[in-house]
Amino acid sequence: MTQPPAAEFQADVLVVDDNQANLRLLTDVLASRDYQVYEALNGPEALRIAQSSRPDLVLLDISMPGMDGFQVCERLKADARTRDIPVIFISALSDTDDVVRGFEVGGVDYITKPFKFREVLARIANQLTLVRQRQEIEALRRQDRQTFESLSHMKNEFIRMATHDLRNPLNVILGYASMLERLTVTEEHRALMDEALQAINGNVAKMRKLVTDMLDLAQVETSWQFKPASVSLGSLLEKVAGNYHLIAEQKGVTLTVTPPAGDSTIVADANAIIRAVDNLVVNALKYTPAGGRIAVRAKLRDQHAIIQIGDSGIGIPPEDVSRVFDAFYRVKQASNPDIEGTGLGLSIVKAVVERHGGHIDVRSKVGVGSVFSIVLPCGLRS
Ligand code: ADP
């Protein structure tokens with residue numbers, strides 16, 4: 001004889017029956033199948049337990065003194081806390097009218113006494129599977145809603161950025177270009193012309209940076225064909241930092257690089273990692289005032305490479321820390337109103353690191369500085 005399966009997941013069942021012997025029997029059988037069982041001998045007790053313990057299912061007798069099973073079910077369905085708990089009637093009443101009424105008041109199934117335990121267990125398991133599937137669908141819906149909200153937020157940010165950050169430089173360029181058109185170049189106009197050319201170049205550079213960052217992010221997130229190869233982490237860091245020693249010196253900031261000790265070979269797309277570390281060093285330079293320090297370090301630990309870019313710059317307020325990796329997010333704080341940026345640098349870094357199977361985080365304190373840490377598996381899973 002095949003046995004119905006034990007509870008597929010740890011489930012709580014409330015059994016309601018005014019007949020003590022029946023109640024015991026059902027409880028024993030359910031407990032032997034790994035269900036957690038609550039018992040109630042009458043309607044009011046059943047309602048109290050259902051509200052406080054929220055079982056996954058109620059097995060409900062109908063003929064009980066005082067409040068009968070139909071009334072109990074109606075009350076359960078009228079209460080938001082217990083509305084979704086499936087109710088299976090288990091009753092000696094076998095009239096079609098009674099069965100129909102059971103479904104009308106909100107029952108999901110109806111078992112007539114005398115019953116076979118196997119059938120009761122199979123029907124319970126069936127309803128619990130439905131409960132679990134409903135919960136899974138609800139979780140997926142919640143996930144979809146979150147994804148939708150974050151996509152919609154990104155879309156709004158994109159529109160805001162595109163209208164402001166792209167239109168403004170364009171207007172400046174157009175304004176200066178039309179002024180140049182009207183100028184007859186005399187000595188007197190020379191200074192004006194230089195100013196116009198400088199504004200045009202500056203704004204074109206700003207737009208080019210924005211467009212490049214947007215394309216890079218889209219590419220890394222979707223179509224970038226990673227070319228993993230063995231690369232020396234030490235020389236990769238030296239290479240990035242080498243590009244910025246002069247700029248750091250001019251800004252009065254000390255830039256140091258501490259490569260990992262010994263062999264520091266990892267498998268990664270060197271260009272992508274260079275781009276990521278480059279972005280972090282550029283940020284450190286942007287957000288660290290003169291007199292500050294920037295330290296680029298790397299070490300290998302437990303089959304992972306840890307790359308840290310630390311600075312003694314303006315820091316990030318705690319309420320912004322979790323959002324700086326979002327596309328287009330820029331911290332609004334008094335200390336950096338004039339520092340230009342696209343708000344895309346860190347999202348590119350995050351996308352690169354995650355495509356390598358790694359992760360990035362930041363520790364930061366306003367006025368003290370920030371440390372960005374990239375953790376990459378030494379062997380690439382792409
Ligand atoms: P941005 O182009 O604005 O620098 P990012 O995506 O690179 O864009 O960075 C997002 C925001 O995170 C920045 O606008 C800045 O407010 C903050 N941020 C990034 N790096 C640092 C840092 N090293 N120190 C302080 N704030 C930083």
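Values below: every heavy atom of this structure, side chains too, minus hydrogens, waters and symmetry copies. Start at 1 and go down the list; that is how both ligands and their atoms are numbered.
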Once you restrict to heavy atoms under 4.0 Å, what part of Phe325 touches ligand 1? Side chain, backbone, both or neither.
neither
Which is it for Ile316 and ligand 1 at heavy atoms under 4.0 Å: side chain, backbone, both or neither?
side chain
Salt bridge between [X] and [Y], side-chain N to carboxylate O under 4.0 Å?
X: Glu138; Y: Arg145; value: yes
X: Arg24; Y: Asp28; value: yes
X: Arg323; Y: Asp326; value: yes
X: Arg275; Y: Asp213; value: yes

Which atoms from ligand 1 have a heavy atom of [X] less than 4.0 Å away?
X: Leu346; result: 5 (P), 6 (O), 7 (O), 9 (O), 10 (C), 12 (O), 19 (C)
X: Tyr329; result: 10 (C), 11 (C)
X: Val324; result: 10 (C), 12 (O)
X: Leu344; result: 6 (O), 8 (O)

My understanding is that we take every heavy atom of each candidate and find the minimum distance to [atom]. Doing that for [options], which one comes out nearest?
atom: atom 23 (N) of ligand 1; options: Leu217, Asp311, Leu280; value: Asp311
atom: atom 1 (P) of ligand 1; options: Gly343, Gly313, Gly345; value: Gly343
atom: atom 3 (O) of ligand 1; options: Arg330, Arg323, Lys286; value: Arg330

Do Ile314 and ligand 1 have an N or O pair less than 3.5 Å apart?
no
Flag Ser347 as yes when one of its N or O atoms lies below 3.5 Å from any N or O atom of ligand 1, and as no otherwise.
no
With no hydrogens and no angle check, just 3.5 Å: does a side-chain donor-acceptor pair link Asn203 and Tyr176?
no
Report the distance from atom CG of Asp56 to atom CG of Asp12, rounding to the nearest 0.5 Å.
5.0 Å
Dump the intermediate steps for side chain to side chain donor-acceptor pair (under 3.5 Å) on Asn171 and Arg167, then the final yes or no.
CA-CA 6 Å; Asn171 286 340; Arg167 203 171 51 189; 5.8 Å; no
Going by atom type alone, with no hydrogens or angles, which donor-acceptor pairs under 3.5 Å involve a side-chain atom of residues 106-117 and a protein atom two or more places apart or on another chain?
| residue | atom | partner | partner atom | Å |
| --- | --- | --- | --- | --- |
| Asp109 | OD1 | Arg123 | NH1 | 2.9 |
| Asp109 | OD2 | Arg123 | NH1 | 3.1 |
| Tyr110 | OH | Leu93 | O | 2.8 |
| Lys113 | NZ | Asp17 | OD2 | 3.2 |
| Lys113 | NZ | Asp61 | OD1 | 3.4 |

